[in-house]
Amino acid sequence: MALFTLFPVLAAVGASAGWATGSALAQYPARQLGAFEFTRIQLLTCGALLWFLSAVFGLWPSINWAHWPEFVLSSLVGIILGNLAMIELLRQAGPRLTELLMCLKAPIVAVLAFIWFDEVLNPAQVLGGALVIVGVILAIGRSHGRDGLALRGLRSSLWIAFLGLSAAAFQGVGFLAVKPALEAGAEPLAIGAIRLSMAAAIISLIALWPATLFRPHSGTTPYLLLRTVLPGVIGYGLSTSLLLYAYANMEAGLAMVLGSLSPILIIPVLWLRDGQLPNTNGVTGAGLAICGIALIALQ
């Protein structure tokens with residue numbers, strides 16, 4: 001297998017691993033601060049970090065600013081709307097159900113990539129993507145405890161499903177919007193810095209509105225700030241850059257499929273954090289997903 005084929009696959013899977021870790025780490029500070037304040041702190045700190053790294057490594061000359069409308073669309077829809085919906089979903093549904101609903105990004109992006117960029121997957125790629133998605137659903141679909149929809153009322157379940165669908169669609173559009181810039185040679189880290197800084201500016205302006213919705217739920221301590229920034233660095237800095245690299249070097253639908261493995265990869269994370277042993281469904285689902293990844297990587 002050629003390395004240029006393997007690297008994007010590994011990047012997308014690595015992005016999934018980062019989001020699984022970040023999701024587990026983010027639940028506590030997100031509940032303490034609220035979705036808006038949690039997102040605002042992450043965008044400000046991670047945006048500044050990526051700007052610094054892009055300057056240090058000399059990445060800015062790779063940016064063609066003719067793509068600025070795509071940058072704005074990606075920031076506003078993909079980061080602001082997508083992440084606010086996802087963090088609120090995380091607060092109300094927990095990391096397991098959040099990751100399950102976020103795997104909806106894969107089919108949404110595949111359809112949008114066909115419409116926008118005429119990307120067509122071959123039968124083997126479709127089968128590989130289907131195995132990954134089925135594996136994800138099987139591994140974590142039978143959630144239990146407070147993460148399960150079965151224990152909720154109808155209104156709460158519908159609201160959580162709406163949040164999940166919205167977050168998946170918004171984030172999918174946000175990634176697809178910058179694909180032309182990436183294919184033109186833009187560095188993923190610099191693209192990430194632009195997306196985050198624009199989103200940070202927008203959300204900081206919104207924060208000036210003196211509404212209860214935009215106020216933190218609790219005071220910010222150094223410990224809480226650290227717990228907020230760390231998953232942001234993992235998610236916005238590492239995972240997003242890896243997935244953008246995958247987007248630039250493979251079909252968007254496949255990149256998102258491989259970037260949606262967090263529900264499986266979060267199982268060992270929660271095992272380490274909470275002592276939740278993986279069940280038979282989790283092991284079987286992981287096996288199917290691995291088969292799907294192998295089928296995609298071998299194309």
In the structure I gave you, are the side-chain heavy atoms of [X] and [Y] within less than 4.5 Å of one another anywhere?
| X | Y | value |
| --- | --- | --- |
| Leu43 | Ile80 | yes |
| Leu112 | Phe175 | no |
| Leu89 | Ile160 | yes |
| Met198 | Val72 | yes |
| Ile191 | Phe71 | yes |
| Leu261 | Trp19 | no |
| Ile108 | Leu165 | yes |
| Pro180 | His67 | yes |

Check: [Y] main-chain N/O paired with [X] side-chain donor or acceptor under 3.5 Å:
| X | Y | value |
| --- | --- | --- |
| Ser74 | Leu176 | no |
| Ser16 | Gly259 | yes |
| Thr45 | Gln42 | yes |
| Ser197 | Ile194 | yes |

Which value, rounded to the nearest 0.5 Å, describes the distance between [X] atom [atom1] and [Y] atom [atom2]?
| X | Y | atom1 | atom2 | value |
| --- | --- | --- | --- | --- |
| Thr21 | Leu238 | OG1 | CG | 9.5 Å |
| Thr228 | Glu37 | OG1 | CD | 8.5 Å |
| Met256 | Ile133 | CE | CD1 | 11.0 Å |

Tell me the closest heavy-atom pair linking [X] and [Y], and the distance in Å.
| X | Y | value |
| --- | --- | --- |
| Leu73 | Ala177 | CD2-CB, 3.9 Å |
| Pro8 | Met250 | CB-SD, 3.8 Å |
| Leu182 | Ala248 | CB-CB, 3.7 Å |
| Ala193 | Ser54 | CB-OG, 4.0 Å |
| Leu189 | Gly237 | CD1-O, 4.4 Å |
| Ser239 | Ala15 | OG-O, 3.1 Å |

Review point. Can you check side-chain contact (heavy atoms from CB on, under 4.5 Å) on Glu187 and Leu244, steps first, answer last?
Key: CA-CA 9 Å; Glu187 292 289 344; Leu244 287 174; over 6 Å; no

Exercise for review: Check step by step if side-chain contact (heavy atoms from CB on, under 4.5 Å) holds for Tyr247 and Glu183.
Suggested key: CA-CA 8 Å; Tyr247 261 67; Glu183 291 180 334; over 6 Å; no

Is [Y] reachable from [X] through a run of hydrophobic residues whose side-chain heavy atoms are each under 4.5 Å from the next?
| X | Y | value |
| --- | --- | --- |
| Ile79 | Leu44 | no |
| Leu230 | Leu225 | no |
| Tyr236 | Leu33 | yes |
| Ile234 | Leu196 | no |
| Leu50 | Leu242 | no |

Point to revise | Audit row: Ile203, Phe36, side-chain contact (heavy atoms from CB on, under 4.5 Å) steps and yes/no | key: CA-CA 8 Å; Ile203 204 168; Phe36 186 87; 3.5 Å; yes

Exercise for review: Kindly state whether the ring of Phe162 and the ring of Trp159 have centres lying under 6.0 angstrom apart.
Suggested key: yes

Point to revise | Heavy atoms from other residues, nucleotides or ligands near CZ of Phe114 exceed 12 (cutoff 6.0 Å) | key: no

Check your understanding: Using the ring of each side chain (for Trp, its six-membered ring), is Trp65 parallel, tilted or perpendicular to Trp60, with breaks at 30° and 60°?
Key -> parallel

Review point. Parallel, tilted or perpendicular for Tyr28 and Tyr223, by the 30°/60° rule?
Key: tilted

